[in-house]
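Notes follow once the structure below has been shown.
Along the sequence shown, residues carry numbers from 1.
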Amino acid sequence: MLLKRLRDTMARAGSVEETLGEVVRMVANEMVAEVCSIYLLRAGEVLELFATQGLNPDAVHRTRLRVGEGLVGDIAAHGRALALDDAQSHPQFAYRPETGEEIYHSLAGVPILRAGRVLGVLVVQNRTRRLYDEEEVETLQTIAMVLAEMAAAGHFVSPNEQQQVDGLGLLPLRIDGVQLTPGVAIGRAVLHEPRIMIQRVVAEDVDQEKVRFQEALAGVRDDVDRMLEATDMQSGEQREILETFRMFVDDRGWRDRVREAIDSGLTAEAGVQRAFDDVRTRMGQSTDPYIRERLSDLQDLTNRLLLRLTGRATTDASAQPDDMIVIARDMGPAELLDYDRARLRGLVLEEGSALSHVAIVARALDIPVVGRAPDVLSRIEAGDAIIVDGDNAQVMVRPAEDVVQSIHEAIAARAARLQRYAALRDLPPVTRNQVRISLNMNAGLLIDVQHLDDTAADGIGLYRTEIPFMVRSEFPDVDSQAWLYSRVLDMADGRPVTFRTLDVGGDKVLPYVGSLGDDNPAMGWRAIRIGLDRPAMLRGQLRALIQGANGRPLSVMFPMIADVGELKGARALLELEMERARRRGQAVPERLRVGVMFEVPALAWQLDSLLPHVDFVSIGTNDLLQFLYAADRGNSRLAGRYDSLSPALLRLLHFVVEKARPAGVDVSVCGEMAGRPVEALALLAIGVRSLSMSPGSIGPVKAMIRSLDLDEVTDFVGSALAQPDQPLRETLRLFAADHAIEI
Ligand code: PEP
Ligand code: MG
């Protein structure tokens with residue numbers, strides 16, 4: 001009833017003051033509160049008191065709080081509700097004498113939220129120290145939602161004030177973000193799902209609204225099924241991502257939330273939005289990447305439902321330019337697949353992370369993505385010329401003509417380079433003095449494996465098995481793991497694949513293992529440490545690897561080994577699984593190779609006891625460098641501070657190579673370093689003969705190898721390493737220039 005009365009009040013023509021004045025009176029009355037106030041967000045992150053029942057009327061339009069200031073500012077800053085029986089004792093309480101609020105003790109406030117953005121705050125207060133219960137807070141949230149629709153439509157504050165402006169809106173602008181996928185693209189901005197305005201918030205007929213919700217849900221389910229059937233969905237991961245997505249459609253808990261919202265008097269579309277806002281406020285603060293990804297999936301679903309319920313067509317292909325750069329707050333994987341692939345050039349997100357589903361799909365489509373680009377949606381207009389530079393993690397809006405020109409040149413040069421590397425495809429990675437180097441690629445998704453053919457790599461030197469685990473919502477059983485490993489080996493078609501067992505923990509959180517809460521995750525309970533403490537999990541994976549190999553050669557590598565005992569423990573589990581397979585008459589690998597990742601410096605001083613137990617050592621320079629220098633590999637302030645071409649690292653690697661050679665143990669390098677030509681050059685000079693890198697680096701590294709005389713560079717680096725401690729980067733660059741080595 002209250003909602004209906006609110007709607008009627010808002011529909012009646014009147015000034016903003018009259019309308020909101022009526023609203024606060026009504027709410028105060030309904031909630032038996034002495035005070036009800038509405039604060040709205042104005043330009044410059046200021047919350048202004050727009051209407052009040054109970055506080056001093058003169059304070060209206062005078063009382064202004066910054067976002068984050070006082071309790072009202074706190075509600076806005078965190079986008080979450082507060083209910084306090086003694087507001088004044090709260091550390092955030094800020095007293096404003098003009099309001100006369102000192103006599104009120106209890107307070108309940110909720111953010112006025114629209115599409116995850118705070119537009120204002122709705123507050124009730126009472127003299128007595130009472131605690132507002134959950135139901136009362138929910139009622140306030142529902143009212144806030146009705147207000148949000150009016151506010152978003154610009155009824156109270158002009159929409160211009162709700163957007164951030166960057167000086168003159170037509171000047172070129174550069175926005176920095178983070179790289180989600182590499183590459184450069186130029187095109188015209190398409191704003192993803194320009195806000196869906198909900199016109200009808202209050203239900204006329206609750207039962208009818210439930211039917212509408214049910215129908216919309218069925219429609220979305222059909223859409224997803226159609227996508228799943230689409231012929232080009234060969235990749236296992238893309239399928240899986242869509243299936244996870246469909247699980248949301250069928251999730252009871254979420255559907256019940258929407259139904260409850262409809263029961264409270266909202267229309268189906270308002271109910272869907274309300275349920276999403278609830279989840280968003282609860283999960284939005286989470287730093288757990290998995291939870292954040294689920295939130296984008298749910299946003300995707302919400303948008304789809306809203307499109308159906310508000311009768312708008314899904315993405316209208318005819319209105320899309322031929323060179324689309326899609327701009328979105330965040331996006332689910334299915335939404336990206338809605339766009340015409342032939343016209344999609346790039347993607348810019350306000351949120352997002354490299355492991356988000358949309359990024360994984362974008363990588364498979366080979367389009368550049370820049371994420372965490374602040375406020376792009378309000379700073380970019382549809383049709384703006386945009387450059388997405390994934391390589392440098394930046395977005396250029398309305399770039400000047402000379403910038404456009406140089407980007408076109410860069411794109412053309414990149415294409416030419418790629419063509420030249422493609423021409424090298426069928427030539428072997430042999431140095432000028434006839435040393436054959438083993439060039440391998442790193443992979444983590446089934447879709448990556450196809451690059452073995454484009455690059456003619458010798459094999460997969462590092463298969464990161466954790467990635468498929470991370471996109472799933474539950475632990476995959478042995479059979480589905482075995483299916484995946486078997487597909488990888490089928491696609492590799494006889495070329496060797498080194499499977500690394502699960503390297504999770506740290507920032508790679510598996511939802512079903514639970515957040516570990518380590519203070520120092522990179523050095524915490526991760527990788528083989530989890531595997532040995534949870535042997536059933538590791539044994540399951542080893543069993544799946546044996547099963548997937550089905551008699552073919554198998555190569556297994558254990559991550560983060562810090563102590564020989566850990567390798568022995570892991571090997572023992574592998575032996576148990578081999579034994580089990582034999583006992584059951586299953587095929588066992590015709591050749592089994594076992595190795596370790598060398599990522600922890602302590603291993604250097606255990607090589608004598610380690611080497612007899614392994615067939616190979618693969619050096620993970622990403623982690624090794626971080627542990628050697630005690631420098632977090634993900635900390636952008638430390639990026640580049642410690643050079644991978646420092647004598648400290650190179651001497652350590654040289655030591656490992658020299659130890660392994662007489663023991664007959666192969667050494668390869670699979671960290672990022674292996675894929676950068678000048679660094680690969682140094683690695684070859686200290687005796688490494690096998691490298692594994694991302695597929696895109698194979699061409700440049702092969703070009704370097706084919707232009708290199710290994711004897712010359714070995715002598716040169718040998719004497720440079722004997723010199724006082726200076727990074728070799730510059731000296732190597734000059735050496736390469738003098739000797740016509742392509743780096
Ligand atoms: C490494 O540490 O160098 C490595 C290859 O492993 P990851 O990057 O997966 O930690
Ligand atoms: Mg590592």
Side-chain angles (χ1 to χ4, degrees), residues 1-11 16 19-20 22-24 26-28 30-31 33 36-41 47 50-51 72 75-76 78-83 108-124 132 134-157 159 162 195-204 206 209-210 212-213 216 254 256-284 298-299 301-303 305-306 309-310:
M1 287 316 288
L2 173 68
L3 285 186
K4 287 224 167 90
R5 276 193 286 130
L6 271 177
R7 184 196 53 190
D8 294 344
T9 309
M10 302 237 210
V16 172
T19 310
L20 291 182
E22 184 71 21
V23 169
V24 288
M26 226 185 270
V27 176
E30 171 78 17
M31 305 220 21
C36 174
S37 312
I38 294 172
Y39 294 79
L40 292 174
L41 191 66
L47 291 156
F50 258 67
V72 168
I75 293 166
H78 294 101
R80 56 154 193 247
L82 261 186
V110 298
I112 300 175
L113 280 173
R114 182 65 179 76
R117 283 184 206 280
V118 174
L119 302 179
V121 174
L122 171 68
V123 184
V124 290
Y132 299 88
E134 208 171 301
E135 205 172 304
E136 288 171 303
V137 173
E138 294 221 342
T139 305
L140 279 177
Q141 276 169 329
T142 305
I143 298 165
M145 192 163 170
V146 179
L147 287 170
E149 292 310 318
M150 303 288 288
H155 288 286
F156 307 141
V157 176
Q162 294 170 11
R195 294 243 199 109
I196 301 162
M197 295 295 275
I198 300 177
Q199 307 292 357
R200 289 177 49 245
V201 178
V202 182
E204 295 294 340
V206 165
E209 293 302 324
K210 284 196 181 148
R212 291 182 63 231
F213 171 57
W254 176 80
D256 288 347
R257 288 296 293 168
V258 178
R259 291 212 182 89
E260 274 167 30
I262 297 176
D263 276 332
S264 77
L266 295 176
T267 56
E269 50 268 46
V272 167
Q273 183 67 51
R274 172 70 203 282
F276 178 73
D277 287 344
D278 279 354
V279 178
R280 181 173 201 116
T281 352
R282 268 184 288 123
M283 314 205 310
L298 190 57
Q299 168 95 68
L301 173 61
T302 301
N303 285 347
L305 286 169
L306 290 182
L309 287 164
T310 54

Could you go step by step and tell me if Leu147 and Leu20 meet the side chain to side chain contact (heavy atoms under 4.5 Å, CB included) rule? CA-CA 9 Å; Leu147 287 170; Leu20 291 182; 4.1 Å; yes
Walk me through whether Glu209 and Arg200 qualify under side chain to side chain contact (heavy atoms under 4.5 Å, CB included). CA-CA 11 Å; Glu209 293 302 324; Arg200 289 177 49 245; 2.8 Å; yes
Derivation and outcome, salt bridge (Lys or Arg N to Asp or Glu O under 4.0 Å), residues Arg257 and Glu138: CA-CA 12 Å; Arg257 288 296 293 168; Glu138 294 221 342; 3.8 Å; yes
Could you walk me through whether Arg274 and Asp277 satisfy the salt bridge (Lys or Arg N to Asp or Glu O under 4.0 Å) test, starting with their C-alpha distance in whole Å, then the side-chain angles of each, then the deciding distance to 0.1 Å, before giving a yes or no? CA-CA 5 Å; Arg274 172 70 203 282; Asp277 287 344; over 6 Å; no
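Here the side chain of Arg212 pairs a donor or acceptor atom with the backbone of Leu309 at under 3.5 angstrom.
In this structure, the side chains of Leu119 and Leu113 stay at 4.5 Å or more apart for every pair of heavy atoms. Counting only heavy atoms from C-beta outward, the side chains of Thr142 and Leu266 approach each other to under 4.5 Å. At least one side-chain heavy atom of Asp263 sits under 4.5 Å from a side-chain heavy atom of Lys210. Counting heavy atoms from C-beta outward, Val123 and Val121 have side chains that approach closer than 4.5 Å. For the pair Ile38/Val23, a side-chain contact is recorded, criterion being any heavy-atom separation below 4.5 Å from C-beta on. Val146 places none of its side-chain heavy atoms less than 4.5 Å from the side chain of Arg7. By the 4.5 Å heavy-atom criterion applied to side chains, Leu6 and Val202 are not counted as neighbours.
We find that Asp8 and Arg5 are not joined by a salt bridge, their nearest charged nitrogen and carboxylate oxygen being 4.0 Å or further apart.
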